[in-house]
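Okay, structure first, notes after.
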Amino acid sequence: MNKILFIAVHPDDETLGCGGTILKHNKQGDEVYWLILTSIRNHPLGLWSNETVLERDNTIRKVGKVYGFKKIFQIDLPTMMLDQVDSISFINKVANVIEEVQPNEVYMMYENDVHSDHKISFYAVYSCLKSFRRPYINRILMFEALSETEFAVATSQSSFIPNVYVDISDYLEQKLDIMRMYDTELMEEPYPRSISSIQALARIRGSRAGVKYAEAFMLLYSK
């Protein structure tokens, strides 16, 4: 049995990028864990009502139950304000979770996503994953998040170029159902986080791997 840690900057990133893979790992008997980096709770800007915060917390609980996470970690950094968070504190919070879980595999955000929270999070998280400090980690993979990854500047140095594909043909419909639970994050057709766009990306990735539907990743490290 492996321990698999899925890291989301914002809740819904995990579903967009690797929802089918989470379900597949769980089905295979692996222990799956979820680390959510940001929150709207007690946000300095006060943009969200208490009702909205409670609804978000309820959604996270429901999503976590469907995925079968052994544990959900929330370090409650202020969303949209990670550029103002003390980097040492950020890194220490992530490191504490990683040391508690001691995962064999880590799935994390893509380094060049257009969202500033994603960019900042990548470097904070990756700094916690040095192989000589975390010998239990066998693989580190980056996932793509619609509306963030494909809007990154597309140069040879910054493009998302997948080299690992996971067949999620048996899990796509459940992934889409979970995404529907994030009703405030779904977009209307034909925008990136619409149901049809999520399905279309899975079909394109599947065609590359010779299966009906797949999720694609960039391998950062493997033993």
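Side chains are part of it too, since the values below use all heavy atoms of this structure and drop only hydrogens, waters and symmetry mates.
Side-chain contact, Y191 with E189: no donor N or O sits under 3.5 Å from an acceptor N or O.
If you take CE on M142 and CD1 on I161, they are separated by 10.0 Å, rounding to the nearest 0.5 Å. Rounding to the nearest 0.5 Å places CG of D12 at 12.5 Å from CE of M181. Interatomic distance, I98 CD1 to I91 CD1, rounded to the nearest 0.5 Å: 10.5 Å. With values rounded to the nearest 0.5 angstrom, E31 atom CD is found 9.5 Å from N104 atom CG. Separating the NZ atom in K212 from the OG atom in S207 is a distance of 13.0 Å, to the nearest 0.5 Å. Interatomic distance, OG1 of T15 versus CE of M179, reported as 6.5 Å (0.5 Å rounding).
Here the side chain of E150 pairs a donor or acceptor atom with the backbone of S147 at under 3.5 angstrom. The closest donor-acceptor contact from the side chain of N96 to the backbone of N92 lies under 3.5 Å. The main-chain N or O of A145 is found under 3.5 Å from a side-chain atom of T149 such that the two form a donor-acceptor pair. When atom types are taken as modelled, the side chain of N26 and the backbone of I22 share no donor-acceptor pair closer than 3.5 angstrom. Panel note: side chain D117, backbone M80; a donor-acceptor pair is recorded below 3.5 Å. For T59 (side chain) and E55 (main-chain N/O), a donor-acceptor pair under 3.5 Å exists by modelled atom type.
For K65, the NZ atom is loosely surrounded, since the number of other residues' heavy atoms within 6.0 Å does not exceed 12. No more than 12 heavy atoms of other residues, nucleotides or ligands sit less than 6.0 Å from atom CG of N42. In the displayed structure, I88 atom CD1 is contacted under 6.0 Å by at most 12 heavy atoms of other residues, nucleotides or ligands. Environment of CZ in R203: crowded, with over 12 heavy atoms of neighbouring residues, nucleotides or ligands closer than 6.0 Å. The number of heavy atoms from other shown groups lying within 6.0 Å of CG (N50) does not exceed 12.
One hydrophobic cluster, built from ILVMFWY side chains closer than 4.5 Å, holds both L201 and I168. By the criterion of side-chain heavy atoms lying less than 4.5 angstrom apart, applied directly or through intervening Ile, Leu, Val, Met, Phe, Trp or Tyr residues, Y182 is not grouped with L37; the two fall into different hydrophobic clusters. In this structure, Y67 is not a member of the same hydrophobic cluster as I7, with clusters built from ILVMFWY side-chain heavy atoms closer than 4.5 Å. Y33 and M1 are not part of a single hydrophobic cluster, where members link through side-chain heavy atoms under 4.5 Å apart. Hydrophobic clustering of Ile, Leu, Val, Met, Phe, Trp and Tyr side chains at less than 4.5 Å, counting indirect connections, keeps L35 apart from L23.
K71 and E100 are joined by a salt bridge, as a carboxylate oxygen and a charged side-chain nitrogen come within less than 4.0 angstrom of each other. Electrostatic pairing of D170 and K24 does not count as a salt bridge here, judged by no charged N lying under 4.0 Å from a carboxylate O. A salt bridge between E144 and R205 is present, with a side-chain N of the basic residue lying under 4.0 Å from a carboxylate O of the acidic one. A salt bridge is absent between R180 and E185; no separation between the charged side-chain nitrogens and carboxylate oxygens falls under 4.0 Å.
Of the options L172, D167, V166, a side-chain contact (heavy atoms from CB on, under 4.5 Å) to Y213 is made by L172 and by none of the others.
Residue P44 comes nearest to P78 through the heavy atom pair CD-CB, 3.8 Å, listed as atom of the first residue, atom of the second, then distance. Closest non-hydrogen pair, R56 versus P11, comes out as NH1-CG, 3.8 Å. G20 approaches E215 most closely through the heavy-atom pair N-OE2, 2.9 Å. When all heavy atoms of G68 and V32 are compared, the pair lying nearest together is O-CG2, 3.6 Å. Considering every non-hydrogen atom in both W48 and T52, the closest pair reads CD1-CG2, 3.7 Å. When all heavy atoms of T155 and S158 are compared, the pair lying nearest together is OG1-OG, 2.8 Å.
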Side chain to side chain contact (heavy atoms under 4.5 Å, CB included), that's the test. Do I198 and K175 meet it? Break it down for me. CA-CA 9 Å; I198 297 169; K175 167 178 172 162; 3.8 Å; yes
Step-by-step side chain to side chain donor-acceptor pair (under 3.5 Å) determination, H25 to Y107: CA-CA 12 Å; H25 273 295; Y107 291 79; 3.0 Å; yes
Walk me through whether L5 and E105 qualify under side chain to side chain contact (heavy atoms under 4.5 Å, CB included). CA-CA 6 Å; L5 178 62; E105 294 186 18; over 6 Å; no
Worked check of side chain to side chain contact (heavy atoms under 4.5 Å, CB included) between I137 and R134: CA-CA 6 Å; I137 296 178; R134 317 290 179 197; 3.6 Å; yes
Determine, stepwise, if the pair R139 / S222 fulfils side chain to side chain donor-acceptor pair (under 3.5 Å). CA-CA 4 Å; R139 288 209 310 173; S222 179; 5.5 Å; no
Run the side chain to side chain contact (heavy atoms under 4.5 Å, CB included) check on H43 and M81 step by step: do they pass? CA-CA 9 Å; H43 199 278; M81 295 182 64; 3.3 Å; yes
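Between R41 and Q74, the closest side-chain pair of non-hydrogen atoms falls below 4.5 Å. You'll find the side chain of D76 stays beyond 4.5 Å of the side chain of T38, heavy atoms only. Within the 4.5 Å cutoff, the side chain of D13 has heavy atoms near those of the F143 side chain. Between S87 and Y123, the closest side-chain pair of non-hydrogen atoms is not below 4.5 Å. K62 is not listed as a side-chain neighbour of I178, based on a closest heavy-atom distance of 4.5 Å or more. The side-chain heavy atoms of S116 and L82, taken from C-beta on, include no pair separated by under 4.5 Å. Side-chain contact check for L141 versus L220: every heavy-atom pair is 4.5 Å or farther apart. Side-chain contact check for Q174 versus V66: some heavy-atom pair is nearer than 4.5 Å.
Note: F160 and Y110 meet the aromatic proximity criterion, with ring centroids under 6.0 Å apart. Centroid-to-centroid, the aromatic rings of W34 and F69 come within less than 6.0 Å.
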